[in-house]
Amino acid sequence: MDNKIIRFLDLSVRNISEREDFIEALNNCLDHGQLVMGKEITNLEESLSNYVGRKKCISVSSGTDAVYLALKALGIGPGDEVITTPLSWIATTNAIYMVGATPVFCDIQDDLNIDPKTIQKVITSNTKAVISVDYTGNMANYDELNSVIKLYGLKLIEDGSQAFGASFNGKKCGSYGHIAAISHNPMKIFGGLGECGSVFTDDNEIATKLDILRYNGMVNKEYLKYPSLNFRADALQASFLVKRLKRLSSKLQRRKEIAQIYNDSLSGFCNVPTQTINSERVFYTYTIQTNKRDSLSTYLTNNGIENKIQHPLLMSEQQPYKDCKAFTPKATEIVKTILCLPMHESLQNEEIEYVINKVKEHLA
Ligand SMILES: *Cc1c(COP(=O)(O)O)cnc(C)c1O
């Protein structure tokens with residue numbers, strides 16, 4: 001392993017038949033020339049609504065835009081409060097802010113996901129919705145979340161960007177909430193070769209509104225219904241994603257195997273990832289928790305192992321959001337302990353063993 005860097009993530013495409021798939025997809029698009037929207041988008045939307053088990057899928061320009069459009073489609077805006085987890089990629093909170101609503105933060109559990117029991121701590125008469133995040137690939141507890149939102153008459157948005165392919169009670173990530181938003185950026189488990197996102201719903205009226213909001217709020221490019229911007233997806237990404245879908249389960253399987261090897265060796269040394277009851281998780285990241293986080297991170301880096309703190313600041317600690325209402329005692333402690341180890345399907349077993357040995361060396 002001397003002098004070799006172990007990559008945190010590897011987005012290169014080395015598999016020859018996968019490359020050929022992408023080239024075929026590109027050639028198809030060059031042949032038909034429908035480069036934005038069109039049949040490639042319809043094909044992706046149908047494939048994904050089938051996969052997830054939801055009536056409607058609307059392809060959009062990114063995962064961030066998917067969360068934003070979900071809020072817009074639910075009519076959430078100025079004067080409304082939206083409760084979310086403090087631990088996520090910043091896009092979740094930015095979407096709330098950008099529709100003009102006020103972000104509010106509840107706490108997380110030991111598994112890093114939103115703690116539904118703490119939603120009541122920050123609820124007010126202005127609360128309109130909750131955004132859950134299936135963080136690191138582990139499903140949030142939708143039994144508990146659904147009880148809370150029903151009790152208070154709130155809307156639920158599932159931000160499933162990190163957990164495509166996971167399931168809870170046998171239903172796939174993307175099937176929870178009034179609307180679910182998924183990112184297909186290349187880093188994500190089901191990512192394209194550029195930016196793309198999906199919005200899922202079972203409500204036809206909401207789906208129609210999303211379709212209108214996606215392109216300047218125009219109906220048939222003639223009448224303006226809801227002033228909006230351009231969030232259309234491009235055909236090339238859609239055709240690449242359809243090609244990728246057939247390889248998704250083997251990718252998830254390999255990541256699961258890697259996580260199992262890590263778990264078996266590391267569970268005595270740090271807190272290893274867990275899985276929500278009645279769920280089947282996926283591994284977007286492999287995130288451990290240890291009080292020696294900062295020194296471990298440096299030690300791994302010095303030994304050629306890329307690693308990441310995802311995320312070093314809670315969203316509620318970011319400057320523009322630090323005055324937002326928040327109840328986050330547990331998150332504030334846990335965020336100091338999280339570290340992501342290399343996790344991608346091209347990791348070799350000897351590389352995994354090397355990472356394990358270095359983590360153990362430092363934590364023993
Ligand atoms: C990546 C991510 C997003 C944003 O997706 P993009 O496609 O990068 O815009 C939103 N929410 C979560 C939880 C994410 O991990």
Side-chain angles (χ1 to χ4, degrees), residues 8-9 11 44 48 57-72 82-99 103 105-106 108 111-114 129-140 142 145 156-166 168 173-174 176-177 179-200 210 214 229-234 236-238 240-241 244 255 273 276 281-287 308-316 318 321 331 335 338 340 343-344:
F8 179 71
L9 187 66
L11 298 176
L44 176 66
L48 296 190
C57 169
I58 290 94
S59 301
V60 297
S61 35
S62 74
T64 307
D65 296 340
V67 184
Y68 172 86
L69 290 171
L71 289 160
K72 275 278 180 195
V82 179
I83 298 173
T84 193
T85 165
L87 186 58
S88 177
W89 170 231
I90 198 69
T92 312
T93 299
N94 285 346
I96 301 171
Y97 182 85
M98 293 306 291
V99 300
F105 302 97
C106 64
I108 61 171
D111 69 356
L112 310 180
N113 265 333
I114 188 166
V130 171
I131 305 182
S132 59
V133 175
D134 304 318
Y135 197 64
T136 72
N138 185 34
M139 294 293 285
Y142 287 96
L145 281 167
L156 178 64
I157 294 169
E158 176 188 15
D159 181 348
S161 293
Q162 303 190 356
F164 195 78
F168 177 81
C173 169
Y176 287 91
I179 307 184
I182 307 270
S183 163
H184 304 301
N185 94 29
M187 271 178 72
K188 297 293 153 70
I189 285 185
F190 180 56
L193 305 182
E195 309 280 0
C196 193
S198 294
V199 192
F200 293 91
L210 283 163
R214 154 169 74 177
L229 299 170
N230 180 2
F231 301 101
R232 294 187 301 176
D234 66 77
L236 216 43
Q237 289 317 321
F240 292 152
L241 282 164
R244 269 219 159 136
R255 284 176 174 239
T276 300
R281 68 165 294 157
V282 295
F283 287 89
Y284 168 59
T285 56
Y286 185 88
T287 305
K308 250 190 185 176
I309 299 170
Q310 220 163 315
H311 302 276
L313 283 185
L314 295 175
M315 296 188 291
S316 49
Q318 295 286 357
Y321 302 132
V335 74
I338 51 176
C340 308
M343 171 55 81
H344 56 86

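What you are looking at is a predicted structure, and each value in this text was computed from that prediction instead of being measured. Whatever order the structure lists them in is the order used to number ligands and atoms, beginning at 1.
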**Prompt:** Do the side-chain N and O atoms of Y284 and S161 include a donor-acceptor pair separated by under 3.5 angstrom?
**Reply:** no

**Listed partners of T276 passing side chain to side chain contact (heavy atoms under 4.5 Å, CB included), at least two apart** = D111, N113, N138, N141, F168, S279

**Message:** Would you call the rings of H184 and F190 parallel, tilted or perpendicular, taking 30° and 60° as the class edges?
**Reply:** perpendicular

**Prompt:** For R281, which residues count as a salt bridge (charged side-chain N to carboxylate O under 4.0 Å, His left out) partner, sequence neighbours excluded?
**Reply:** none

Tell me which donor-acceptor pairs under 3.5 Å the side chains of residues 84-91 have, and how far apart each pair is, sequence neighbours excluded?
from, atom 1, to, atom 2, distance (Å)
T84, OG1, I131, O, 2.8
T85, OG1, L87, N, 3.1
S88, OG, T92, OG1, 2.9

**Prompt:** Just by distance, do the side chain of R244 and the backbone of G191 share a donor-acceptor pair under 3.5 Å?
**Reply:** yes

**Request:** Output the set of protein residues with a heavy-atom contact under 4.0 Å to ligand 1, ordered first by chain identifier and then by residue number.
**Result:** S62, G63, T64, S88, W89, A91, T92, V133, D159, S161, Q162, S183, N185, K188

